[in-house]
Amino acid sequence: MNEFELIARYFQRPTPRALLGVGDDCALLAPRPGMALAVSVDMLVEGRHFFADVDPESLGHKALAVNLSDLAAMGAQPAWCTLALALPRTDEAWLGAFARGFYALADAAGIELVGGDTTRGPLTISIQVAGEVPIGQPLLRSGACAGDEIWVSGELGAAAVAVMARNGELVLNPETLRLCGERLDWPTPRLALGRRLRGLASAALDLSDGLVGDLGHICARSACAAVIAWERVPVHPALAGLPEVVLRQAALAGGDDYELCFTAPVAHHARVVALAQELGLQLSCIGRIEAGEGVTVAGANGDEIALSRTGFDHFAS
Ligand code: ADP
Ligand code: MG
């Protein structure tokens with residue numbers, strides 16, 4: 001199987017929303033009138049972002065999911081993507097499973113694969129996504145104001161605990177390991193939530209590197225401080241029974257949850273609660289934006305909780 005047969009077999013499907021999809025020098029795309037294109041790219045490298053023996057179907061899902069999560073965090077509707085793949089060899093079983101995971105999520109999210117690049121090399125996956133968001137309505141990191149409430153979707157910490165377990169830092173019972181592994185390998189991009197937060201949230205981002213570190217980006221871009229109440233942080237129930245220090249590290253500073261963190265004016269509180277009901281998705285109010293800078297986590301007695309690491313940084317020494 002040569003390069004072009006590989007593309008035709010695994011990555012060429014109809015793309016009705018594009019003017020032109022896979023097969024020419026470029027794809028041709030036209031956003032609808034009044035829409036801005038939200039564009040983002042992420043790269044996943046074997047050994048750094050995923051384990052060498054990871055299930056290729058979950059890898060196809062996750063490589064797309066982490067990008068869709070960025071679109072969700074902007075309030076954008078997924079439209080088109082491109083896929084750059086470096087493969088050590090052409091393993092048909094691997095490619096078939098990867099494409100299955102990729103397309104199952106692509107179809108569910110309504111995103112079309114319109115191009116890419118395929119080369120031989122150490123296993124690396126880079127996906128670029130483009131989504132549509134009405135001009136003037138994207139969810140930015142820069143809109144938080146003192147007095148706003150801080151919210152987070154879903155439950156945190158399970159993916160980070162799975163990483164700890166797979167790195168041999170933690171021993172889990174088989175059921176906990178399975179639940180946490182599922183959160184790590186099959187993240188759910190919160191696309192419907194992101195779109196519904198347009199006009200409701202003042203700032204938003206997705207949690208890829210850890211709550212405290214990521215919320216710090218909102219604070220920096222919005223020139224404000226954040227105070228989180230630890231007892232209001234929704235820790236994933238699979239973590240029940242683990243030592244408190246592990247819970248804190250995983251839920252506050254662990255990465256890979258791909259939930260949304262957003263701020264909203266207090267006056268929108270009831271609308272956010274109603275939205276959680278409607279979407280069937282837990283939305284937890286975990287704290288408040290204040291004047292100042294940086295993120296503080298308060299324990300039940302009001303004392304500040306110190307973390308040994310606030311988030312993931314590829315270049316931290
Ligand atoms: P070029 O040499 O002009 O960059 P390529 O030979 O790399 O073109 O690719 C041929 C066509 O196949 C292009 O339309 C490209 O976008 C598409 N393509 C290549 N790799 C992939 C992939 N992994 N997934 C989807 N489309 C791909
Ligand atoms: Mg090319």
Side-chain angles (χ1 to χ4, degrees), residues 34-40 65-79 109 129 131-156 187-229 232-234 251-252 257-297 311:
M35 294 289 188
L37 272 190
V39 176
S40 178
V66 301
N67 282 284
L68 292 173
S69 180
D70 285 317
L71 291 181
M74 292 301 282
Q77 163 108 38
V129 287
E132 291 180 323
V133 61
I135 291 171
Q137 292 183 38
L139 303 173
L140 305 181
R141 296 179 175 186
S142 55
C145 292
D148 286 354
E149 290 176 322
I150 303 167
W151 297 81
V152 69
S153 67
E155 295 155 329
L156 306 183
T188 306
R190 301 300 187 189
L191 287 160
L193 173 62
R195 287 198 296 276
R196 294 296 302 276
L197 287 176
R198 291 178 202 155
L200 199 55
S202 50
L205 50 51
D206 67 320
L207 297 178
S208 53
D209 296 333
L211 174 63
V212 170
D214 284 333
L215 183 54
H217 299 313
I218 286 185
C219 291
R221 302 281 295 195
S222 301
C224 60
V227 180
I228 300 173
R232 292 208 260 157
V233 174
L252 295 172
D257 282 317
Y258 298 100
E259 295 295 344
L260 295 188
C261 176
F262 59 95
T263 62
V266 181
H268 291 173
H269 187 99
R271 286 172 64 195
V272 176
V273 171
L275 180 60
Q277 279 281 328
E278 193 188 320
L279 295 176
L281 176 62
Q282 188 174 329
L283 298 178
S284 306
C285 182
I286 59 166
R288 187 85 76 141
I289 296 293
E290 295 183 355
E293 59 182 34
V295 179
T296 313
V297 185

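The figures that follow rest on heavy atoms only: side chains count, while hydrogens, waters and symmetry mates do not.
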A.B. asks: Can any side-chain N or O of R232 pair as donor or acceptor with the backbone N or O of C285 at less than 3.5 Å?
C.D. replies: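 A pair under 3.5 Å: yes.
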
A.B. asks: Between W151 and H268, is the ring centre distance below 6.0 Å?
C.D. replies: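 Not under 6.0 Å, so no.
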
A.B. asks: Within a radius of less than 6.0 Å around CZ of R195, do more than 12 heavy atoms belonging to other residues, nucleotides or ligands occur?
C.D. replies: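 Above 12, so yes.
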
A.B. asks: Looking only at heavy atoms, what is the nearest atom pair of P234 and Q282, with distance?
C.D. replies: CB-NE2, 3.5 Å

A.B. asks: Return yes if some donor-acceptor pair links the side-chain N/O of T296 with the main-chain N/O of V227 below 3.5 Å, else return no.
C.D. replies: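 Absent.
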
A.B. asks: With the threshold set at 4.0 Å, does a side-chain nitrogen-carboxylate oxygen contact exist between E149 and R288?
C.D. replies: no

A.B. asks: Can you name the residues that form a side chain to side chain contact (heavy atoms under 4.5 Å, CB included) with A203, not counting sequence neighbours?
C.D. replies: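 So A203 forms a side chain to side chain contact (heavy atoms under 4.5 Å, CB included) with A144, I218, T263.
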
A.B. asks: So, for L200 and P265, which heavy atoms are closest and what is the spacing to 0.1 Å?
C.D. replies: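 Reported closest heavy-atom pair: O-CD, 3.7 Å.
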
A.B. asks: Do you know which two heavy atoms are closest between A264 and A201, and how far apart they sit?
C.D. replies: CB-CA, 4.2 Å

A.B. asks: Show the numbers, then the answer: is there a side-chain contact (heavy atoms from CB on, under 4.5 Å) between D214 and S208?
C.D. replies: CA-CA 8 Å; D214 284 333; S208 53; 4.2 Å; yes

A.B. asks: How close do G136 and P138 get, heavy atom to heavy atom, and via which atoms?
C.D. replies: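 What the structure gives for the nearest pair is C-CD, 3.3 Å.
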
A.B. asks: Side chain to side chain contact (heavy atoms under 4.5 Å, CB included) with L279: which residues, sequence neighbours excluded?
C.D. replies: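 With neighbours one apart ignored, the set is A192, L193, L275, L281.
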
